[in-house]
**Student:** 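I have a structure I would like to understand better, so I am pasting it below and will then ask my questions one at a time.
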Amino acid sequence: MTNTPFDGDLSYPASTIARLTAIIELAPMAIVMIDNQGRILLMNKEAEVLFGYRRDELLGRPVELLIPLEFQAGHPALRRNFFTNPRPRRMGAGRDLFGLRKDGSKFPVEIGLNPIETEDSLFVLSAIVDITERKRLENLFRATVESAPTAMVMIDKGGSIVIVNAETEKLFGYSRSELLGRHVEELIPERFRMAHPQMRTRFFAAPEARRMGIGRDLFGLRKDGSEFPVEIGLNPIETEEGLFVLSAIVDITERKRLETALRQTNELLEQRVQQRTVELTAQAEKLRRSNEALERSNIELQQFAYIASHDLQSPLRSISGFVQLLRAEYTGRLDAQADDWIARTVQSIQLMHTLIQDLLAYSRIESLARPLKRLRFRDIFNDAVSLLDAAITEAGAQVTCDELPVVIGDRSQLVQLLHNLIGNALKYHGADAPRVHVSAEHRGNDWVFSVSDNGVGIEPQYYEKIFEIFQRLHNQQEYPGTGIGLAVCRRVVHRHGGKIWVESVRCQGSQFYFTLPERTEYDT
Ligand code: ADP
């Protein structure tokens with residue numbers, strides 16, 4: 001049919017044709033007019049350009065010449081339809097329309113149809129717009145939406161879904177065909193559904209790109225009825241067909257889960273911290289009370305030690321005087337038993353005297369404390385050794401030392417400390433002659449001194465106990481002593497801000513360690 005040559009017999013009044021031609025010639029879009037036979041009666045310049053024909057090649061020819069082959073067959077019927085019910089309208093609503101150029105190329109078009117009635121006949125004026133560029137942009141837009149890594153849903157003003165991407169199918173569990181045309185409210189849990197159309201209307205009234213439902217928790221509803229928390233971004237999209245909203249939907253289930261887990265962990269942590277704080281406060285309070293009690297009992301003990309030792313001195317002195325007299329006057333004049341008793345009494349008095357001296361020394365560590373001074377520890381060593389001269393010679397002992405540092409301290413107390421430690425090292429010797437060595441080592445901010453011996457050693461369970469007052473591991477016969485010496489050592493070291501401890505191997509010897517802070521200033 002399209003190839004039927006036009007016979008040129010267009011028996012319409014020339015005046016009508018001329019008038020219409022003048023009207024359409026300069027219109028900014030392609031216009032083609034046909035008669036009820038489908039013949040082209042007139043066309044304008046734009047139409048020539050659009051289809052690539054000269055006017056004289058088309059006038060009188062069937063309009064189907066301008067339609068791609070695959071649509072040609074159905075066209076006459078559509079055309080006749082229009083002529084039976086002529087009214088201005090868009091052509092092919094919902095269908096994609098195409099034009100055919102002279103060179104055989106196809107292009108997408110949009111066509112508006114207008115019936116024109118003259119006294120002679122009915123014509124159709126069709127305005128044809130090339131929508132190649134618009135289609136290209138639309139395809140680009142669809143491809144962009146499709147490739148987005150988040151679910152994207154575009155709805156029209158009525159809330160109907162017009163575009164979705166693959167992510168949306170995955171997220172909501174519907175296929176694309178199930179989603180298109182569906183109301184967006186169906187993707188929202190029922191309890192929020194009622195309020196949604198109103199919000200939608202509000203958005204369309206004042207469209208701007210923004211987050212949806214700020215401050216509210218949003219949820220999506222899957223096809224299977226399950227819900228999930230979402231975050232939604234809204235974007236108004238202006239098109240020739242009106243305003244749309246493109247929403248990007250992100251499933252935030254995992255984020256919510258992490259938030260909850262984090263909150264719970266924080267709460268738990270806070271609870272633990274609170275609980276621990278309460279416990280620690282209670283412990284600290286207990287410690288404070290027991291420290292106070294200890295302090296009190298220490299003071300009481302010192303006072304007692306001082307009073308007792310001080311007050312015992314004078315009766316002991318007179319007992320000692322009388323016993324000396326007894327021994328001088330009566331030894332050999334009474335029987336042997338009496339002599340033995342007198343000798344033992346003298347010994348006990350001697351022991352008692354030592355005990356009182358030791359107790360006095362112990363109780364006076366604080367009260368007789370002198371300001372700390374810069375001292376060469378080597379001098380302290382020398383003093384202690386000369387005080388022990390007789391004992392060293394008697395035991396055939398060797399007492400040596402390394403190079404010793406300068407320290408800050410109370411001279412007589414440090415001499416007493418070293419005297420007690422070296423004295424013990426001599427006293428608690430084993431089978432071999434005692435060998436005692438004093439050395440010092442710099443560690444952090446401290447000097448660590450050691451006094452080592454090759455004596456009897458100490459079992460680990462007594463490492464702490466021996467520093468307590470009156471605690472002895474040996475009896476008087478074996479090794480005489482009062483059990484006060486190490487308690488004095490500990491108090492002297494504490495007063496200097498250090499600590500004292502022992503390490504030992506039984507039968508091989510002991511190392512007593514004590515620290516003195518390395519001070520750069522003189523303290524008092
Ligand atoms: P004392 O020597 O008067 O008994 P101390 O307080 O000096 O009192 O010592 C407490 C106890 O520690 C001693 O009775 C002894 O058993 C043990 N001890 C102290 N120094 C040594 C040492 N160098 N080797 C082995 N035992 C020791």
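As the structure lists them, so they are numbered: ligands from 1, and atoms in each ligand from 1.
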**Student:** Should you measure from each heavy atom of S510, which atoms of ligand 1 turn up under 4.0 Å away?
**Tutor:**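 Taking each heavy atom of S510 in turn, ligand 1 has 24 (N) under 4.0 Å.
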**Student:** In the protein, which heavy atom is nearest to atom 19 (C) of ligand 1, and how far is it?
**Tutor:**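 Looking only at protein heavy atoms, the one closest to atom 19 (C) of ligand 1 is N424 ND2, 3.5 Å.
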**Student:** So if I count the atoms of ligand 1 from 1 in the order they appear, which ones are less than 4.0 Å from some heavy atom of G481?
**Tutor:**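 Near G481, the atoms of ligand 1 are 3 (O).
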**Student:** Between R327 and D339, is there a salt bridge with N-O shorter than 4.0 Å?
**Tutor:**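 No, no charged N to carboxylate O under 4.0 Å.
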**Student:** Considering Y479, Y428, Y362 one by one, which has a heavy atom nearer to atom 22 (C) of ligand 1 than any of the others?
**Tutor:**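 When every heavy atom of Y479, Y428, Y362 is considered, Y428 comes closest to atom 22 (C) of ligand 1.
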**Student:** Near V456, which atoms of ligand 1 are under 4.0 Å from a heavy atom of that residue?
**Tutor:**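 Ligand 1 atoms under the 4.0 Å threshold to V456: 25 (C).
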**Student:** More than 12 heavy atoms of other residues, nucleotides or ligands under 6.0 Å from CZ of R191: yes or no?
**Tutor:**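 Yes, CZ of R191 has more than 12 neighbouring heavy atoms, counting only those of other groups under 6.0 Å.
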**Student:** Please name the residue in the list N424, D453, N454, I466 that meets the side-chain contact (heavy atoms from CB on, under 4.5 Å) test with S510.
**Tutor:**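 Running side-chain contact (heavy atoms from CB on, under 4.5 Å) over N424, D453, N454, I466 with S510 returns exactly one hit, D453.
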**Student:** Tell me: protein heavy atom nearest atom 8 (O) of ligand 1, and distance?
**Tutor:**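 Answer for atom 8 (O) of ligand 1: G483 CA, 3.2 Å.
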**Student:** What part of N420, side chain from CB on, backbone N/CA/C/O, both or neither, has a heavy atom under 4.0 Å from ligand 1?
**Tutor:**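 Answer for N420: neither.
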**Student:** Indicate yes or no: does an N/O atom of L473 lie under 3.5 Å from an N/O atom of ligand 1?
**Tutor:**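 There is such a contact, yes.
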**Student:** What is the distance from atom CG of L243 to atom CZ of F204, rounded to the nearest 0.5 Å?
**Tutor:**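 Interatomic distance, L243 CG to F204 CZ, rounded to 0.5 Å: 5.0 Å.
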**Student:** Have a look at ligand 1 and work out which part of L486, if any, has a heavy atom under 4.0 Å from it: side chain, backbone, both or neither.
**Tutor:**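 Looking at L486 and ligand 1, atoms from backbone and side chain both fall under 4.0 Å.
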**Student:** Taking S504 for its side chain and G509 for its backbone only, find out whether a donor-acceptor pair lies under 3.5 Å.
**Tutor:**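 Yes; judged by distance alone, with no hydrogens or angles, the pair exists.
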**Student:** Quick one about D358 and T482 (side-chain donor to acceptor, distance below 3.5 Å, no hydrogens or angles considered), yes or no?
**Tutor:**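 Checked: T482/D358 side chains pair up, N/O donor to acceptor below 3.5 Å.
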**Student:** How far is atom 26 (N) of ligand 1 from the closest protein heavy atom, and which atom is that?
**Tutor:**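 Here the closest protein heavy atom is I458 CG1, 3.4 Å.
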**Student:** Going by the order shown, which atoms of ligand 1 are within less than 4.0 Å of some heavy atom of H474?
**Tutor:**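 The atoms of ligand 1 under 4.0 Å from a heavy atom of H474 are 15 (C), 16 (O).
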**Student:** I'd like to know if the side chain of Q413 reaches the main chain of D410, judged simply by a donor and an acceptor atom lying under 3.5 Å from each other, with no hydrogens or angles considered.
**Tutor:**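 Absent.
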**Student:** Give a yes/no verdict on whether any heavy atom in G455 is under 4.0 Å from an atom of ligand 1.
**Tutor:**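 Distance cut 4.0 Å: G455 fails for ligand 1.
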**Student:** Tell me, please: is D453 in heavy-atom contact with ligand 1, that is, under 4.0 Å?
**Tutor:**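 In this structure, D453 qualifies as a contact of ligand 1 - some heavy atom is under 4.0 Å.
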**Student:** Using a 3.5 Å cut-off on N or O atoms only, is A487 in polar contact with ligand 1?
**Tutor:**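 In fact, backbone or side chain, A487 has no N or O that close.
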**Student:** Would F512 count as a contact residue for ligand 1, given that I'm defining contact as a non-hydrogen atom of the residue lying under 4.0 Å from a ligand atom?
**Tutor:**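 Right, F512 reaches ligand 1.
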**Student:** Heavy-atom distances under 4.0 Å decide this one: backbone, side chain, both or neither, for Q471 against ligand 1?
**Tutor:**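 The answer is the backbone of Q471.
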**Student:** Assess whether a salt bridge exists between R288 and E292, defined as any Lys/Arg side-chain N lying under 4.0 Å from an Asp/Glu carboxylate O.
**Tutor:**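 The answer is yes: the pair qualifies as a salt bridge.
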